[in-house]
Number of protein chains: 2
Amino acid sequence: MTNQAIREEIGDSSLEVALGALRNSIARWTDKSDLLETAVSGLLLYQHDEPTQPRNAMYEPCICLVAQGAKRVLLGDDTYVYDAHHYLIASVHLPTMVQIVEASRSKPCMGVVLKLDQREISQLMVDSNLPQPRAQQSSRGMVLGEVTLPLLNAFQRLIDLLDEQKDIPILAPIIQREIIYRLLVGEQGERLRQIASAGSQSNQIARAIDWLKVNFSQSLSIDDLAAQARMSTSTFHHHFRSMTALSPLQYQKQLRLQEARRLMLAERMDAANAAFQVGYESPSQFSREYNRMFGAPPLRDITNLRQLAAGEGG
Amino acid sequence: MTNQAIREEIGDSSLEVALGALRNSIARWTDKSDLLETAVSGLLLYQHDEPTQPRNAMYEPCICLVAQGAKRVLLGDDTYVYDAHHYLIASVHLPTMVQIVEASRSKPCMGVVLKLDQREISQLMVDSNLPQPRAQQSSRGMVLGEVTLPLLNAFQRLIDLLDEQKDIPILAPIIQREIIYRLLVGEQGERLRQIASAGSQSNQIARAIDWLKVNFSQSLSIDDLAAQARMSTSTFHHHFRSMTALSPLQYQKQLRLQEARRLMLAERMDAANAAFQVGYESPSQFSREYNRMFGAPPLRDITNLRQLAAGEGG
DNA sequence: CAATACATCGTACGATTAGGCAATAAATTA
DNA sequence: TAATTTATTGCCTAATCGTACGATGTATTG
């Protein structure tokens, strides 16, 4: 056995130990098919005890780990599958399809999510004099990386804080900074640094995405948005798509339709009003696009969902 | 013979008489194959005693009449042929191919050109309370119309002024206003009014064209130009093309290459400098496009032209 | 200095939009 | 249950706009 192989062996076994500890911690705080917002702001824990169908979900800027099980994320034509040995970073808000592909009663999928704040990342880059990214080109806003022991340990310490709530205000930010630092210098650090470096194309696109996220119900002028990002219309398109796998309009449409669905489902709003609320000016157009996205026209889709929920509840 | 027919007969014969008078006047001031800028500013007279090949020419905003002979104007894929019974209005600067198709020693092509000033047109529209145009859609910046007797008479009086130079400062503007008025209320008045009504799409495009005409050697941002015209990039394209039969870039290219040709021919500038002067940043690109437009690379084209001129001169 | 790779930009094309109207489904009432 | 009203969805037209693609210009590499 070579030294290299020995190191890997040791590393791997340490990793497994750390993952085991993480599983225990997650299990202490969450129950089956449970999602918990913890006392550490931005830190979420969850477990789920069976595979799911793909479902629409919005990823926020965050880093996601699973201590057990596996998930599949669909972004445009790309597929990202991650498990206990791979983390996933989303550097912007991204509409995706998410599916738990590996989970069971005996071995539920157990996950940790830590939301990332771009300002923190930028601050850390300045503070630690990390080099500006080489390439100007913008790439996908989602990336997979290999889980390392120090990273796992940091997460472990973060979760351990939940037992010592008084330490959270002081220690949580420190540990979060450590995690971010480890990501920045890790294999996918370049990506994160691109997003965070002010004025870069990635950063400009990220700003545009933030704007859309807030103002999706307003009517959208791509030309203006491009001007804001100091790019030509077509260049803006190019970079937007390379980051989100969606055209700006498709992105806005996703936001609009998902919000409309939420309004009808949770706030019991009728189709026409929901359509209007999210920025559509004609109900017929809304109906057509809703149908295209969710597979059924508004009312029928909502009825389906209600029946499904009732069935699960009973 | 119906009254209608009689009126037409009378009208036609009067028209012929008027055209005869116009021919005499033009002949008094111009010689064979001669172009005269008259003492009336904006008024040009010319005659040409043989048909020509099509040649590149820039039309300014103007109205063109021929008292004898015929001309053909090529604008993009459109062809405009006009003779003694049809005038041609150009409402913006337009790069065209022009060809005299009917002319001979005994019956030379005899023409009158009066340049039009958009501000005068707008002023007249306000003063005379002419209605704003109905349609918003923009159309070709060139149009043919049927010559009428009053129009011919006005032109006759304008040319007659050349014999009474002291009256020009007072009478020329008045007669020009009459001509513009007749055009505005005539069959093609709608077109002219569109161009002149501030804020209309046609007017916005006309402004963009004016800008291009002056700043063709600067590098051009279509997005900015569109923003200036308060249109989206694509809408701007659409209207620009419907008015000029050219895309904005093609339009600019025409201006650049024609100016470069002039610089080389008249100012004896070398190719590389001419290229640079009109805004090209690489001589190779210039050469390629020059070749495409004039059928020969810069140096050879100029040599050809010089030989041609020498041949005609001798 | 040529050749090549790469990013950017212009623009033609096709998708999307508003707005109006017709058809249909659902709900309410006779 | 039938009739009437109301809410939703489907369809049309004309215009605008988004955007994929190909042309153009810039940087890089041998």
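Only this structure's heavy atoms are used, side chains among them; waters, hydrogens and symmetry mates stay out.
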Between [X] ([atom1]) and [N] ([atom2]), how many Å, whole number?
{"X": "A:R288", "N": "C:dT17", "atom1": "CZ", "atom2": "C1'", "result": "9 Å"}
{"X": "A:L249", "N": "C:dT16", "atom1": "CG", "atom2": "P", "result": "8 Å"}
{"X": "A:E281", "N": "D:dA15", "atom1": "CD", "atom2": "C1'", "result": "14 Å"}
{"X": "A:I205", "N": "C:dT8", "atom1": "CD1", "atom2": "P", "result": "11 Å"}
{"X": "A:K253", "N": "C:dA15", "atom1": "NZ", "atom2": "C1'", "result": "8 Å"}
{"X": "A:M293", "N": "C:dA15", "atom1": "CE", "atom2": "P", "result": "20 Å"}
{"X": "B:I222", "N": "C:dA12", "atom1": "CD1", "atom2": "C1'", "result": "13 Å"}
{"X": "B:Q285", "N": "D:dA27", "atom1": "CD", "atom2": "C1'", "result": "16 Å"}

[X] and [Y]: side chain donor to acceptor below 3.5 Å:
{"X": "A:Y87", "Y": "A:E146", "answer": "no"}
{"X": "B:D270", "Y": "B:N273", "answer": "yes"}
{"X": "A:Q250", "Y": "A:Q254", "answer": "no"}
{"X": "B:D223", "Y": "A:S232", "answer": "no"}

- Query: Taking the six-membered ring of A:F294, is the NZ or CZ of A:R261 close enough (under 6.0 Å from the centre) and on axis enough (within 45°)?
  - Reply: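 The answer is yes; both the distance and angle limits are met.
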Does [X] place a side-chain N or O at less than 4.0 Å from the phosphate oxygens OP1/OP2 of [N]?
{"X": "A:S282", "N": "C:dT17", "result": "no"}
{"X": "A:R241", "N": "D:dA20", "result": "yes"}
{"X": "B:R230", "N": "D:dT16", "result": "no"}
{"X": "A:S247", "N": "D:dT19", "result": "yes"}
{"X": "A:Q250", "N": "C:dT16", "result": "no"}

Once you apply a heavy-atom cut-off of 4.0 Å, does [X] come out as touching a base, just sugar-phosphate, or nothing?
{"X": "A:D270", "answer": "sugar-phosphate"}
{"X": "B:T233", "answer": "base"}
{"X": "A:R292", "answer": "sugar-phosphate"}
{"X": "B:E289", "answer": "sugar-phosphate"}
{"X": "A:L220", "answer": "sugar-phosphate"}

What's the closest nucleotide to the side chain of [X] if the choices are [options]?
{"X": "B:T235", "options": "D:dT16, C:dT11, D:dG10", "value": "D:dT16"}
{"X": "A:S284", "options": "D:dT16, D:dC11, C:dT17", "value": "D:dC11"}
{"X": "A:H237", "options": "C:dC9, D:dT19, C:dT11", "value": "D:dT19"}
{"X": "B:H239", "options": "D:dT8, D:dT16, D:dG10", "value": "D:dT16"}

- Message: Between the base of D:dG18 and the side chain of B:S234, is there a donor and acceptor pair under 3.5 angstrom?
- Response: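 Yes, the side chain and the base share a sub-3.5 Å donor-acceptor pair.
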- Query: Starting at the 5' end of DNA chain D and moving along, which residue's nearest nucleotide shows up first, A:N291 or A:D223?
  - Reply: A:N291
- Determine whether A:Q194 and A:S139 make a side-chain contact, defined as any pair of heavy atoms from C-beta on separated by less than 4.5 Å. yes
